[in-house]
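Structure first, commentary second.
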Amino acid sequence: MTVKMLIGRSQTGKTEKMVSEIKQLMKENPEGSPIIYIVPEQMTFQSEYKLASSKGLGGMIRTQVFSITRLAWRVLQETGGISRYHLSSIGTNMLIRKIIEEQKDELKIFQNAADKNGFIQQMESMLTEFKRYCVNPTELQMRIAQLQQNDHEKKVLAEKLHDLELIYSKFEAGILDKYLDSEDYLQLLAEKANESVYLQKATVYIDGFHSFTPQEYRVIEALIRHCPNMTIALTLDQPFDNEPPDALHLFRQTGETYQTILEIAKQQKHQVEYELLSQVPTNKHESLRHFEANFEVRPTIPFSGEARVMIAHAMNRRAEIEGIARKVRALVRDEGLRYKDITVLMRNGHEYHDLITTVFNDYEIPLFIDRKKSMLHHPVVEFIRSSLEVLMSNWRYEPVFRTIKTEMIFPLNYSSPLLREKMDRLENYVLSYGIQGSKWTKKERWKYRRIRGLEMTNTGQTDAERDIEEEVNQLRDIVAAPLLRLSRRMKKAETGREYAEALYLYLEETDIPAKIEKLQIETEERGELVRSREHNQAWNAVVELLDEYVEMLGSEQMTTERFATILDAGIEALQFSIVPPAMDQVIAADMERSRVADMKAAFIIGLNEGVL
């Protein structure tokens with residue numbers, strides 16, 4: 001087998017050449033041996049769309065576009081090994097929370113930090129990093145022993161490693177032979193590649209990567225060993241066959257990747273060929289070609305012609321975004337660009353997302369923000385969290401009215417604006433009469449007097465006061481009845497499964513699926529396509545969350561507090577993942593995570609010192 005390395009600087013045609021080869025192979029023999037096109041996870045949709053929509057191709061059967069994880073799924077379906085339950089990020093978070101609750105007394109550094117927001121996600125990220133870089137608990141134990149013997153000054157580091165090793169080893173023991181998390185698939189792929197007939201016949205193309213983790217290198221090693229042909233594209237200005245790139249070289253990262261793959265191929269006794277592409281596209285403006293070619297040259301070589309690179313400064317972020325919005329409108333109106341030809345790139349997206357949404361909406365510019373957004377503030381998720389907090393806090397004011405303000409507890413056929421106004425009056429009553437705790441759960445009716453005093457205890461109610469009292473008690477029943485049923489079921493529950501069933505019945509009784517569908521239709525009719533899809537995703541995520549809880553902890557003895565704590569860890573991991581809902585939109589994306597292609601205008605925002 002020959003491993004072909006396709007190298008060249010940016011926009012020298014590496015991807016186009018690769019795609020052209022794939023299309024030619026498909027035209028010559030549409031039902032031939034498999035072609036596998038491996039790209040990063042965030043590029044799979046656009047790469048598959050680009051191939052499938054190619055003129056004259058008429059679809060594709062022979063070629064499959066995969067991320068490395070999805071390739072593992074495909075191979076394991078053929079060879080076996082996928083029968084274990086898949087543990088998503090949600091399940092991983094809940095399992096970590098369970099381990100920490102059980103081992104809290106053994107932790108030395110993380111004992112106090114374990115209850116802080118974000119700690120579980122940080123721990124999940126750490127365990128994922130260990131797996132990606134092939135670090136196992138035994139190696140951590142050896143490192144702890146070295147630190148304790150040789151370096152007493154690094155006691156804090158040793159204690160931190162002790163906590164990490166404890167959680168990691170318990171996590172591995174918890175999933176052994178029962179579950180698979182996302183990182184385990186790559187290890188299984190490397191082990192099972194020799195059994196796959198699909199891989200042994202496949203031509204493999206790898207594109208869009210700058211570096212690989214040790215776990216991914218093991219997969220590449222297995223593919224080189226068992227696949228007949230492989231082509232890998234890297235953004236690189238020259239081959240590094242003998243010496244590694246200089247530490248300050250512009251393409252140091254991809255140069256090191258090139259050398260590692262070269263070493264893997266040599267160990268397998270396969271020949272490596274490279275093709276250096278250097279032709280710059282003719283439709284690229286001369287100033288951009290100059291900028292790209294001389295970016296790292298010192299002293300700087302000036303460009304004397306008309307430039308297509310503009311540097312602008314603004315007084316504040318809003319002025320910056322409004323300037324971009326005006327320019328976008330001008331590009332579409334005067335220069336014939338489509339919105340889909342324009343992208344806005346940023347590093348500190350959390351500081352810009354809300355502002356971009358507001359300003360672009362004011363300028364009537366269709367926008368899609370490519371980001372992972374937390375589900376914590378979705379009404380259904382907040383409804384679950386606040387309802388459980390009502391039971392654990394003995395009906396305190398704050399969680400009760402957080403539950404009410406999600407509007408998920410409202411009856412399905414009631415008018416929301418009218419009922420919302422009534423609930424505001426209920427809130428005023430609760431605050432003025434100090435209603436909390438057992439006052440919500442007792443059968444005794446609430447009383448209302450507009451004016452209260454010692455001399456008026458025996459006076460009768462006015463009609464207006466009687467109407468208000470009747471309304472307050474009706475609203476109280478709307479709120480308290482479903483929560484009381486949930487409370488009774490929770491008190492009877494003993495295992496994780498019974499707690500999950502109680503919560504699911506609560507969601508069914510309050511018509512959450514129908515309310516979600518109603519919200520989805522309403523937002524879609526208003527043209528809010530992203531929000532419409534978010535509603536559907538939120539409900540599916542909640543069902544998946546409860547399924548994973550039952551799968552992992554269904555038979556364990558529980559208390560309401562422990563159930564809510566572990567469930568909350570899973571809820572914190574819930575995120576929306578939306579593909580662009582329309583064809584013609586400006587894409588706002590993260591510079592590091594997102595991959596955008598075929599753009600004609602790019603705005604890079606927020607380039608202050610320390611950001612880029």
Side-chain angles (χ1 to χ4, degrees), residues 90 353-354 357-358 361 366-369 371-391 399-427 471 474-487 489 500-547 549 567-568 570-572 574-582 585:
I90 300 164
H353 288 154
D354 293 339
T357 302
T358 303
N361 185 56
L367 172 72
F368 174 73
I369 300 179
R371 59 171 167 167
K372 295 276 189 179
K373 191 169 82 171
S374 173
M375 289 189 188
L376 281 177
H377 302 298
H378 189 274
V380 171
V381 175
E382 177 58 26
F383 178 62
I384 292 170
R385 298 181 82 195
S386 54
S387 296
L388 292 174
E389 191 177 335
V390 167
L391 306 187
V400 169
F401 279 92
R402 274 173 45 215
T403 304
I404 292 170
K405 288 173 183 178
T406 64
E407 300 185 11
M408 291 291 111
I409 207 164
F410 292 1
L412 180 60
N413 297 319
Y414 273 56
S415 168
S416 289
L418 182 61
L419 194 53
R420 196 181 304 131
E421 185 180 337
K422 290 182 177 180
M423 287 296 177
D424 288 341
R425 291 199 287 270
L426 175 68
E427 185 174 10
E471 179 185 270
Q474 286 177 357
L475 295 173
R476 170 201 179 185
D477 290 340
I478 289 173
V479 174
L483 284 167
L484 284 170
R485 287 195 294 273
L486 174 65
S487 177
R489 291 193 186 105
E501 286 175 354
L503 180 57
Y504 186 77
L505 282 172
Y506 173 63
L507 298 176
E508 288 263 291
E509 286 176 352
T510 49
D511 293 314
I512 298 301
K515 290 171 185 174
I516 286 292
E517 187 177 0
K518 184 180 177 183
L519 283 172
Q520 192 176 354
I521 293 168
E522 288 174 355
T523 50
E524 192 169 331
E525 288 174 349
R526 292 198 300 267
E528 299 174 14
L529 301 181
V530 172
R531 286 192 65 190
S532 175
R533 294 186 182 185
E534 284 179 356
H535 291 314
N536 187 46
Q537 273 198 16
W539 173 247
N540 291 337
V542 167
V543 172
E544 183 185 343
L545 171 71
L546 293 175
D547 283 344
Y549 192 99
L567 192 74
D568 203 53
I571 286 174
E572 287 180 2
L574 295 177
Q575 290 184 319
F576 293 114
S577 182
I578 306 289
V579 297
Q585 294 177 299

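Position 1 is the first residue of the sequence; numbering continues from there.
Between E524 and L529, some side-chain heavy-atom pair lies under the 4.5 Å cut-off. In this structure, Q474 and K422 have side chains that are not in contact, with every pair of non-hydrogen atoms separated by 4.5 Å or more. Looking at heavy atoms from C-beta onward, L419 lies in side-chain contact with L475 at the 4.5 angstrom threshold. The closest side-chain heavy-atom distance from V542 to I512 is not below 4.5 Å. Considering only heavy atoms from C-beta on, P379 stays 4.5 Å or farther from E382 through its side chain. With a 4.5 Å cut-off on side-chain heavy atoms, L376 and I571 count as touching. A 4.5 Å side-chain heavy-atom check between M408 and L519 finds at least one atom pair inside the cut-off. A heavy-atom distance below 4.5 Å is found between the side chains of R402 and E389.
Nearest heavy-atom pair, Q537 versus M375, reported as atom, atom and distance to 0.1 Å: O-CE, 3.9 Å. Listed here is the closest heavy atom pair of R385 and D568: NE-OD1, 2.7 Å. Of all the heavy atoms in I478 and I409, the pair that sits closest is CG2-O, 4.0 Å. Taking each heavy atom of D477 and P482 in turn, the nearest pair found is O-CD, 4.1 Å. Nearest heavy-atom pair, S577 versus K372, reported as atom, atom and distance to 0.1 Å: OG-NZ, 3.2 Å. When all heavy atoms are compared, the tightest approach of P513 to W539 is CG-CZ2, 3.5 Å.
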Practice item. Take T403 and V479 through the side-chain contact (heavy atoms from CB on, under 4.5 Å) test and state the conclusion after the steps. Key: CA-CA 9 Å; T403 304; V479 174; over 6 Å; no
**Study point:** Pair E534-K373, side-chain contact (heavy atoms from CB on, under 4.5 Å): steps then yes or no
**Key:** CA-CA 10 Å; E534 284 179 356; K373 191 169 82 171; 3.0 Å; yes
Practice item. List the steps and the verdict of side-chain contact (heavy atoms from CB on, under 4.5 Å) for L507 and F383. Key: CA-CA 9 Å; L507 298 176; F383 178 62; 4.0 Å; yes
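Counting non-hydrogen atoms of other residues, nucleotides and ligands closer than 6.0 Å to CD of E517 gives a total of 12 or fewer. Applying the 6.0 Å contact sphere to CZ of R476 captures more than 12 heavy atoms from other residues, nucleotides or ligands.
Ring orientation note: the planes of H535 and H378 are nearly perpendicular, at an angle over 60° on the 30°/60° scale.
In this structure, L546 CG and I384 CD1 are separated by 6.5 Å, a value rounded to the nearest 0.5 Å. Note that OG1 of T510 is 9.5 Å distant from CG of L486, once rounded to the nearest 0.5 Å. Annotation: the span from I516 atom CD1 to D511 atom CG amounts to 12.0 Å, rounded to 0.5 Å. Rounded to the nearest 0.5 angstrom, F410 CZ and K515 NZ are separated by 9.0 Å. Separation of atoms CG (L567) and CD (E572) is listed at 10.5 Å; rounding is to 0.5 Å. We find the CD1-CZ distance between I404 and R420 to be 13.0 Å, quoted to the nearest 0.5 Å.
In terms of modelled atom types and a separation under 3.5 Å, the side chain of S374 and the main chain of Q575 share no donor-acceptor contact.
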